[in-house]
Amino acid sequence: MPLKLYNTMNRKKEDFVPLNEGKVSFYACGPTVYDYFHIGNARPLIIFDSLRRYLEYKGLEVNYIVNITDVDDKIIKKANAEGVDFSAVTRKYTEAFYDGCAKLGVRPATHHPKATDFIGQMLALVKRLVDEGHAYEAEGDVYFDIGSFKGYGKLSGRDIEQMQAGARVDVDEKKRNPLDFALWKAAKPGEPSWESPWGKGRPGWHIECSAMGMHYAGDTLDIHAGGQDLIFPHHENEVAQSEAASGKPFARYWLHNGFLDIEGEKMSKSLGNFLMVKDIIEQYDPMAIRVFFLLKHYRSPIDFSEERIKEAKAALDRLRNAYAKITRVLKKSPANDSAEKETVEAVKNLKASMEEALDDDFNTARAIGNLFDIAKTVNSMDENSSDAAAVMAEAKIVFDTLGIGVFGITFEQEAGGDKIVDDLVQLFIELRADARKNKNWELSDTIRDRLKDIGVVLEDRPDGTTWKLG
RNA sequence: GGCGCCUUAGCCAAGUGGUAAGGCAGAGGUCUGCAAAACCUCCAUUCUCCGGUUCGAAUCCGGAAGGCGCCUCCA
């Protein structure tokens, strides 16, 4: 069953066929490191991280590239406001970016190129465009001449003529066409700058991705991804400058994730509703954020609210409880082949359904629905039946490979393997067991309640008490 | 003005022309010392509305209403 992906370039789902068999080059636009990243930024990070994992699950070797834009107007503005060097700003937020990714279970990409490390490649690309008549210099700036590229507008489905009619574009006397965009910007006093054939300056935003993408993957990427807002102008401009230079498609598949609203409103500075990931994960399980995004198709708009994240947490807990049962049963009795096959088959079929859903434009919402079906199968299974272990073993494969491996969700709720914590909780469980034996319900309930207050949840089962982190 | 998207239960959400997955919340029950977790049962004769095509439409076509995004170096 081939993977289908919705390609923004052609506005339809297409069979995914990488340029080189067995290998995928996958470029996702990364952060501009001028601030902490917010919940909206988390969506592409999580979705494309999961897609990358799914491609690997399917046996493809993925060269995953997520750039760090560390030279930009916003960074300079921030540095000036704080009276520090721009590199101090970028260092701080780059670190925060990696830290946030780790907490969200976003695996490091194969490459995280920083724009400032690729100035040479960018200059070479700009020079090539100038030499071939696709770009022109004006007072130290270099602009791409969109009139020189016949496909301009093809990604975003825009018509240049009509755009100009209703355009809200800065009129700039230096540009031949208002839609021409800067490849290179002349440095103003106090700005970070690099030497170039056109004097000191710094790269424009769009050229960064083209230069770094080409550096790591050649002229044509298999997948280029980002938020829907990047379609125009960012990705349109990347297409123009890259394809004008190389004469080849810059990316075979363009993927764009939908936007995130906060309680029905667009997240914006002016509304003061920016939610930073670092703040959210102080209050909520970071894995609930992953589940929150995975529960909806990546191209649809999504609405964030406290209620939504609590629902996602409840859903996550349900999966975790099922996983705990799987682990518990398999610890007691290893799987045997003599089991009745019907339920095992049912789990296998659900796994196949999940793969089918993910193959259909990475429909994680449908796939997770199937995972809940597996959880139901697991939970309704009598732990002591002779078939239990075989079903659990099959379910464990799905949870491990798709749940953990692809969705990147952690299901274990252990105290990080801290032996003292384990022993202390065990001690309380034993003390409580004594109290219960003596029908001292007051004491046993106090122990349970107090432990719950510090985040340890006890569950009494026929064969003893288990605990987990709440 | 241009380009595009969305509307499925109280809420979130999947849905591939063949008779509405799943989650959350809620009700009742089982289990439990009581809980928790889990299980069982119930919870959309119907998919914003109006037409059309079809044996058959949430799915296709046309129209209406409502909501949203991009066209501002915001993912």
Side-chain angles (χ1 to χ4, degrees), chain A residues 8 11 13 28-32 37-45 47-48 69 72-74 153 156-159 161-170 179 181-182 185 204-206 208 225-234 236-237 256-261 264 266-269 274 291-292 295-297 299-303 305 307-308 310-322 324-325 353 356-357 360 363-373 375-376 378-383 436 439-441 444-445 448-449 452 457-462 465-466 468 470:
Chain A
T8 305
R11 287 169 201 78
K13 290 183 197 174
C29 283
T32 298
F37 70 95
H38 54 70
I39 184 68
N41 298 16
R43 189 175 198 185
L45 285 172
I47 289 300
F48 298 129
T69 296
D72 166 271
D73 288 342
K74 293 191 292 289
S156 53
R158 279 157 216 273
D159 183 292
E161 308 292 317
Q162 283 170 334
M163 253 196 298
Q164 286 163 338
R168 289 187 271 170
V169 214
D170 288 340
L179 291 169
F181 56 92
K185 297 178 169 189
W205 178 35
H206 314 299
E208 297 178 8
Q228 255 162 19
D229 59 323
L230 295 184
I231 295 172
F232 191 90
H234 186 49
E236 190 69 65
N237 290 352
H256 294 97
N257 64 273
F259 246 51
L260 174 138
D261 285 341
K266 180 179 168 149
M267 182 163 55
S268 72
K269 296 248 150 112
F274 258 69
V291 173
F292 164 74
L295 241 18
K296 192 157 181 180
H297 187 93
R299 282 194 286 116
S300 304
I302 195 167
D303 190 47
S305 70
E307 196 191 343
R308 286 291 87 73
K310 281 180 178 162
E311 275 178 19
K313 176 66 166 72
L316 170 64
D317 284 343
R318 185 169 170 76
L319 294 175
R320 281 179 169 166
N321 286 327
K325 179 170 179 181
S353 296
E356 202 178 303
D360 183 13
N363 193 332
T364 55
R366 207 163 95 208
I368 287 204
N370 291 322
L371 193 58
F372 278 107
D373 291 334
K376 178 80 133 189
V378 163
N379 284 333
S380 56
M381 196 89 205
D382 178 357
E383 296 196 17
R436 295 179 73 209
K439 298 200 190 299
N440 185 347
W441 309 126
S444 73
D445 288 352
R448 187 172 62 197
D449 292 346
K452 187 166 195 287
V457 178
L458 299 188
E459 292 180 1
D460 296 328
R461 296 176 194 290
T465 300
T466 62
K468 65 183 183 184

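For clarity, every value in this text was computed on a predicted model and none was experimentally measured. Protein chains get the first letters and strands the later ones, always in sequence-line order, with residue 1 at the start of each.
- Taking atom P on both nucleotides, B:A25 is separated from B:C11 by 16 Å, rounded to a whole Å.
- As judged by a 4.0 angstrom heavy-atom cut-off over every strand, A:R308 is placed among residues touching the sugar-phosphate backbone only.
- Using a 4.0 Å cut-off between charged nitrogen and carboxylate oxygen, A:D449 and A:K452 do not count as a salt-bridge pair.
- Looking at heavy-atom distances under 4.0 Å, A:G157 makes contact with sugar-phosphate atoms alone, never a base.
- Contact annotation for A:K376: backbone-only contact, meaning every heavy-atom pair under 4.0 Å involves sugar-phosphate atoms and none involves a base.
- Only the P atoms considered, B:C39 is 44 Å distant from B:G51, to the nearest whole Å.
- A:W205 and A:H234 have parallel rings, their planes meeting at less than 30° on a 0 to 90° scale where 60° marks the start of perpendicular.
- With B:A13, B:C11, B:G33 as the candidates, the nucleotide lying closest to the side chain of A:A365 is B:A13.
- Here A:D445 lies in heavy-atom contact (under 4.0 Å) with a base.
- The NZ atom of A:K468 sits 7 Å away from the P atom of B:A37 (whole-angstrom rounding).
- Under the Watson-Crick and G-U wobble criteria, each requiring two contacts below 3.5 Å, nucleotide B:U32 is left unpaired.
- Distance A:I231 CD1 to B:U72 P: 14 Å, rounded to the nearest Å.
- Atoms CG (A:N370) and P (B:U16) sit 14 Å apart, rounded to a whole Å.
- Nucleotides B:C31 and B:A35 have their P atoms positioned 12 Å apart, rounded to a whole Å.
- Residue A:N363 is in sugar-phosphate contact alone, with no base atom involved, counting any heavy-atom pair closer than 4.0 Å across all strands shown.
- B:C49 is paired with B:G63 under the Watson-Crick or G-U wobble criterion, all donor-acceptor distances under 3.5 Å.
- Under a 4.0 Å N-O distance rule, the pair A:R308/A:E311 qualifies as a salt bridge.
- Residue-level contact check: A:L230 touches the backbone only, with heavy atoms under 4.0 Å from sugar-phosphate atoms and none from bases.
- A donor-acceptor contact shorter than 3.5 Å links the side chain of A:N321 to the backbone of A:D317.
- Atom-to-atom, NZ of A:K452 to P of B:C34 comes out at 19 Å; the value is rounded to the nearest Å.
- Using a 4.5 Å heavy-atom cutoff, the side chains of A:H38 and A:L260 are not in contact.
- Across the C1' atoms, B:A58 and B:G18 are found 13 Å apart, a figure rounded to whole Å.
- Atoms CD and CZ, from A:E236 and A:R158 in turn, are 7.5 Å apart once rounded to the nearest 0.5 Å.
- The separation of B:C71 from B:C12, taken at their P atoms, amounts to 27 Å, rounded to a whole angstrom.
- The interatomic distance linking A:I302 (CD1) with B:C6 (P) rounds to 16 Å, in whole Å.
- Checking B:A14, B:C11, B:A75 against every side-chain atom of A:R366, the shortest atom distance belongs to B:A14.
- With hydrogens and angles ignored, the 3.5 Å screen pairs no side-chain donor or acceptor of A:K325 with any backbone N or O of A:A375.
- Remark: the separation of the C1' atoms in B:C43 and B:G28 is 12 Å, to the nearest Å.
- As a whole-Å value, the separation of A:K313 NZ from B:C12 P is 22 Å.
- Across all strands shown, B:G26 is found opposite B:C42 as a Watson-Crick or G-U wobble partner, with both distances under 3.5 Å.
- Atoms CG (A:N321) and P (B:C24) sit 11 Å apart, rounded to a whole Å.
- Nucleotides B:U41 and B:G23 place their P atoms 13 Å apart, quoted to the nearest Å.
- Within the 4.5 Å cutoff, no side-chain heavy atoms of A:E208 are placed close to those of A:D72.
- If you check every strand for non-hydrogen atoms under 4.0 Å, A:F372 touches sugar and phosphate atoms only.
- As judged by a 4.0 angstrom heavy-atom cut-off over every strand, A:L371 is placed among residues making no nucleic acid contact.
- Contacts of A:R318 with the nucleic acid, taken as non-hydrogen atoms under 4.0 Å apart, involve only primed sugar atoms and P, OP1 or OP2.
- In this structure, A:N379 reaches the B:C39 phosphate: one of its side-chain N or O atoms is under 4.0 Å from OP1 or OP2.
- Nearer to the 5' terminus of RNA chain B, by closest-nucleotide assignment, is the contact made by A:P301 (compared with the other of A:S380 and A:P301).
- In terms of position on RNA chain B, the residue among A:D261 and A:H206 whose nearest nucleotide sits closer to the 5' end is A:D261.
- A:S444 comes within 4.0 angstrom of a base, heavy atoms only.
- As rounded to the nearest Å, B:A57 and B:U16 have C1' atoms that lie 14 Å from one another.
- Across all strands shown, A:R448 has heavy atoms under 4.0 Å from base atoms, whether or not it also approaches the sugar-phosphate.
- Looking at A:D229, its side chain has no donor and acceptor atom pair within 3.5 Å of the base of B:C71.
- Listed candidates were B:A75, B:G15, B:C70. Nearest to the side chain of A:H38 is B:A75.
- Among the nucleotides B:A14, B:C12, B:C71, the one closest to the side chain of A:E311 is B:C12.
- Distance, A:D360 CG to B:A14 P: 12 Å, rounded to whole Å.
- When both distances must be under 3.5 Å, the Watson-Crick or G-U wobble mate of B:C3 is B:G69.
- Here A:F259 does not pack flat against the base of B:G69, since the 5.5 angstrom centre distance and 30 degree tilt limits are not both met.
- Of all nucleotides present, none satisfies the Watson-Crick or G-U wobble test against B:A9 with each distance under 3.5 Å.
- Remark: the backbone N or O of A:R366 is paired with a side-chain donor or acceptor of A:N363 at under 3.5 angstrom.
- Put simply, A:K310 has no side-chain N or O that comes within less than 4.0 Å of OP1 or OP2 on B:A25.
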